[in-house]
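Because the structure is predicted, anything quoted here is derived from the model rather than measured. Each chain gets a letter, A, B and so on, in the order its sequence line appears, and its residues count up from 1.
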Amino acid sequence: MESNLILYNTLSRKKEEFKPLNPPFVGLYVCGPTVYGDAHLGHARPAITFDLLFRYLKYLGYKVRFVRNITDVGHLVNDADEGEDKIAKKARLEELEPMEIVQYFTDRYHKNMDDLNTLKPSIEPRASGHIIEQQALVEKILENGFAYESDGSVYFDVEAYNKEFHYGKLSGRNIEDLQANTRTLDGQSEKRKPFDFALWKKASAEHIMRWPSRWSDGFPGWHLECSCMSQKYLGDRFDIHGGGLDLQFPHHECEIAQSTAAYGHDPVSYWMHNNMVTINGQKMGKSLGNFITLDQLFSGDNDVLEQAYSPMTVRFFMLQAHYRSPLDFSNEALKAAEKGYKRLMNAVDSIKKITASDKSSVDVNALKEKCFAALNDDMNTPILISHLFEGVKIINTIISGKESIDKEGLEELTKLYNDFAFDILGLLPSEESNSGNNETLEKLVETLIEIRKTAKANKDWATADAVRDKFKEAGIEIKDTAEGVEWKLAN
RNA sequence: GGUCUCUUGGCCGAGUGGCUAGGCAGUGGUCUGCAAAACCAUCUACGGCGGUUCGAAUCCGCCAGAGACCUCCA
């Protein structure tokens, strides 16, 4: 497993060589969605980032267990809603069972993820299915003296914890900073300190998502499920924990505290955070109401969208930026990505057309090395893609006859694009294809192309161009190349 | 207010103390009956002001602007 993979660890704020605890096994946990609404462009970022990581680790030969949770218990909403459970609120508004909401949006989330060609996690646990485990974790933290009960709720005692460990190590904070800057929230009076957070919360009368416990009828705290389910499926020490940058504090900080309070040591070796997607320079977010859902993006059904963008365009767009950089949405940027993606896919497709020569004038191996180097450097996909475009130029030059490639090189080239573009970056071949998914259409087009050929032979350019123009109107593109006529469905 | 990050050419987006990132768009060619595709060439850069250095867009300081977190959030 000599991969030389370097990953940026939020915990150390440095790039570090990746060394799994128990090679060849790798435990990967990523914070999944709260299923109370449709996934938006922002949700695609972690999904694609950690799908890439999952794919690359597997490519390198690791046996990866990838756990991504579904949050279906809900968390507190903002002050206007008086601390009501998000999912419960939505349920009441629509007069549905909470679990109907959860099912509906979970299904839609899965559909979006499939469209983006992300691999399914090994395990996708639900918070609601782990209430007992979460209660047990609360007990353990209580036993260890890092929590206290207050009027049916249980709170994490940050001050007590901070005497033995460092609360704030992940996000670079200290308890003094927090002291001054914590806002007044519902239930504050029950807490000893404003920065204490709930492990178990007593449900108010109107709160419909609730479970019995020895403290109260209530629901688990907002950070507990991840500590609990990561431990259950990956152990109390595991390799990588991922999520959005906005979860770094307080969510991941609390997770570390809870796990450490329960098991006495740090749970995670490498913390990874993807940056945000912005729109007009501002974070795309539910609460800001400036988000574009993935369904809208794929259908073009949103006022800010000038057109629809395919899932692969979106995926390519995201991969063209480094995962730790903010990425700004704009129609211009998406359109540029769409064209770039097509250019890449056209070239990959045309590798098939290359015939091998006796000797090679191109160095595929050097290109491959550069691709690995880029990926190993904290998954630098923009650099990787720039190398793939270098290869595009090579491919096209070979086809035009200015360069040549031998049999071995051609095999290597084919494998290179298969591995990097499809297996690792998770791109799909362009949907455009003339490989007959409709035999009737294919016959029809071929017939008309034959007629056009005759017209061309007779130098009847008007007829030839008319056929091509009409085809274009119908969404079929014709190209006259040295090898003959090519056609494909444009979409 | 506290903590942190960022500021690159028309747009997006990498990167490094001295050597062309890449994509999209533009311009000029080649090829083609024309078109498309492709190839070749080419134009726009490193927020401002100081400092360190033989040399800084890259390191340091100040200023300006933007953003993230501090509250559910990917």
Do any N or O atoms of the protein come closer than 3.5 Å to N or O atoms of nucleotides 66-68 of chain B, and which pairs are they?
from	atom 1	to	atom 2	distance (Å)
B/A68	OP1	A/Lys283	N	3.3

message = Between B/G65 and B/A38, how many Å separate the two C1' atoms, rounded to a whole number?
response = 43 Å

key: Qualifying residue, where the test is side-chain contact (heavy atoms from CB on, under 4.5 Å) with A/Pro33 and the options are A/Asp38, A/Thr71, A/Ile70   = A/Ile70

query = Does A/Trp461 lie flat on the base of B/G33, that is, centres under 5.5 Å apart and planes under 30° off?
reply = yes

ask   = Taking only N and O in the side chain of A/Lys456, is any of them less than 4.0 Å away from OP1 or OP2 of B/G33?
value = no

ask   = In Watson-Crick or G-U wobble terms, both distances under 3.5 Å, what is the partner of B/C11?
value = B/G23

note = Taken to the nearest whole Å, NZ/A/Lys169 to C1'/B/U3 is 18 Å

ask   = Between A/Ile279 (CD1) and B/C12 (P), how many Å, whole number?
value = 14 Å

query = Are the charged groups of A/Glu225 and A/Arg126 less than 4.0 angstrom apart, N to O?
reply = no

Separation of atom NZ in A/Lys470 from atom C1' in B/A35, rounded to whole Å = 17 Å

task = Identify whether the distance between the nearest side-chain nitrogen and carboxylate oxygen of A/Lys283 and A/Asp246 falls below 4.0 Å.
result = yes

inquiry  = So A/Lys402, base contact, sugar-phosphate only, or nothing? Heavy-atom distance under 4.0 Å.
reply    = sugar-phosphate

message = Does a side-chain N or O of A/Arg343 approach OP1 or OP2 of B/A37 to a distance below 4.0 Å, or not?
response = no

task = Tell me whether the guanidinium CZ or amine NZ of A/Arg68 lies under 6.0 angstrom from the six-membered ring centre of A/Tyr29 and within 45° of its axis.
result = no

Pi-cation contact, A/Tyr8 with A/Lys14 (under 6.0 Å, within 45°) = no

message = I want to check one thing: is the phosphate of B/C40, taken as OP1 and OP2, less than 4.0 Å away from some side-chain N or O of A/Lys393?
response = yes

Residue whose closest nucleotide on RNA chain B lies nearer the 5' end, A/Asp377 versus A/Lys479 = A/Asp377

request  = Write down the distance between NE2 (A/His252) and P (B/C70), rounded to a whole number of angstrom.
outcome  = 13 Å

task = Answer with base, sugar-phosphate or nothing: what part of the nucleic acid does A/Gly243 contact at a heavy-atom distance below 4.0 Å?
result = sugar-phosphate

Distance between P atoms of B/U58 and B/U53 (Å, rounded) = 16 Å

Gap in Å between the two P atoms, one belonging to B/G15 and one to B/G47, rounded = 15 Å

task = Using the P atoms only, state how far B/U42 lies from B/G23, rounded to an integer number of Å.
result = 15 Å

ask   = So, is A/Arg468 near the phosphate of B/G33, with a side-chain N or O under 4.0 Å from OP1 or OP2?
value = no

task = Select base, sugar-phosphate, or nothing to describe what A/Ile478 touches, counting heavy atoms under 4.0 Å on all strands.
result = base

query = Is it true that A/Lys111 and A/Asp295 make a salt bridge, defined as a side-chain N closer than 4.0 Å to a carboxylate O?
reply = no

inquiry  = From CG of A/Asp465 over to P of B/U32, roughly how many Å is that when rounded to an integer?
reply    = 17 Å

query = Nearest of B/C12, B/A14, B/C24 to any side-chain atom of A/Ser325?
reply = B/A14

Salt-bridge criterion met for A/Arg55 and A/Asp51 (N-O under 4.0 Å) = yes

task = May I ask you to say what A/Val277 touches in the nucleic acid, namely base, sugar-phosphate or nothing, with a heavy-atom cut-off under 4.0 Å?
result = base

query = Do A/Asp480 side-chain and B/C34 base share a donor-acceptor contact under 3.5 Å?
reply = yes

query = Which base sits across from B/G1 as a Watson-Crick or G-U pair, both distances under 3.5 Å?
reply = B/C70

task = Whole angstrom is fine here: how far is it from CZ in A/Phe329 over to C1' in B/C24?
result = 15 Å

Check ion pair A/Glu306-A/Lys335 (N to O, under 4.0 angstrom) = yes

ask   = Is the closest basic N to carboxylate O distance between A/Lys353 and A/Glu486 below 4.0 Å?
value = yes

Who pairs with B/C34 - Watson-Crick or G-U, where each distance is under 3.5 Å = none

note = Picking from B/C11, B/G2, B/A21, the nucleotide nearest the side-chain atoms of A/Glu332 would be B/C11

query = Taking the C1' atom of each, how far is B/C43 from B/C11, in whole Å?
reply = 15 Å

task = Tell me which nucleotide among B/A14, B/G22, B/C72 gets nearest to the side chain of A/Pro250.
result = B/C72

task = Go through B/G23, B/A14, B/C73 for me and flag the one nearest to the A/Phe389 side chain.
result = B/G23

query = Is A/Asn396 touching bases, backbone alone, or none of the nucleic acid, heavy atoms closer than 4.0 Å?
reply = sugar-phosphate

message = What's A/Lys459 touching, base or sugar-phosphate or nothing? Going by heavy atoms closer than 4.0 Å.
response = nothing

inquiry  = Give me the distance, rounded to whole Å, that separates B/G17 from B/C60 when you measure between the P atoms they each carry.
reply    = 12 Å

query = If you measure from the C1' atom in B/A66 to the same atom in B/G48, how many Å do you get, rounded?
reply = 15 Å

message = Can you tell me the base-pairing partner of B/C54? Count Watson-Crick or G-U wobble geometry only, both distances below 3.5 Å, and say none if there is no partner.
response = B/G18

key: A/Arg173, nearest nucleotide to its side chain (from B/G22, B/C72, B/C69)   = B/C69

task = Please figure out whether A/Gln248 or A/Pro326 has its closest RNA chain B nucleotide nearer the 5' end.
result = A/Pro326

message = Categorize A/His322 for me: base, sugar-phosphate, or nothing, with a 4.0 angstrom heavy-atom threshold over every strand shown.
response = sugar-phosphate

note = Output for pair (A/Thr381 OG1, A/His322 NE2), nearest 0.5 Å, gives 7.0 Å

inquiry  = Output the rounded distance in Å from CG (A/Leu375) to P (B/G22).
reply    = 20 Å

message = Work out how far the P atom of B/U5 is from that of B/G61, and round it to whole angstrom.
response = 11 Å

key: Watson-Crick/G-U partner (both atom distances under 3.5 Å) of B/C49   = B/G61

ask   = Rounded to the nearest Å, what distance is computed from the CD atom of residue A/Glu338 to the P atom of nucleotide B/A25?
value = 11 Å

task = Would you kindly check whether a donor in the side chain of A/Asn380 faces an acceptor in the base of B/G15, or vice versa, at under 3.5 angstrom?
result = no

task = Before accepting this row, confirm whether a basic side-chain N of the pair A/Lys193/A/Asp157 lies closer than 4.0 Å to the acidic partner's carboxylate O.
result = no

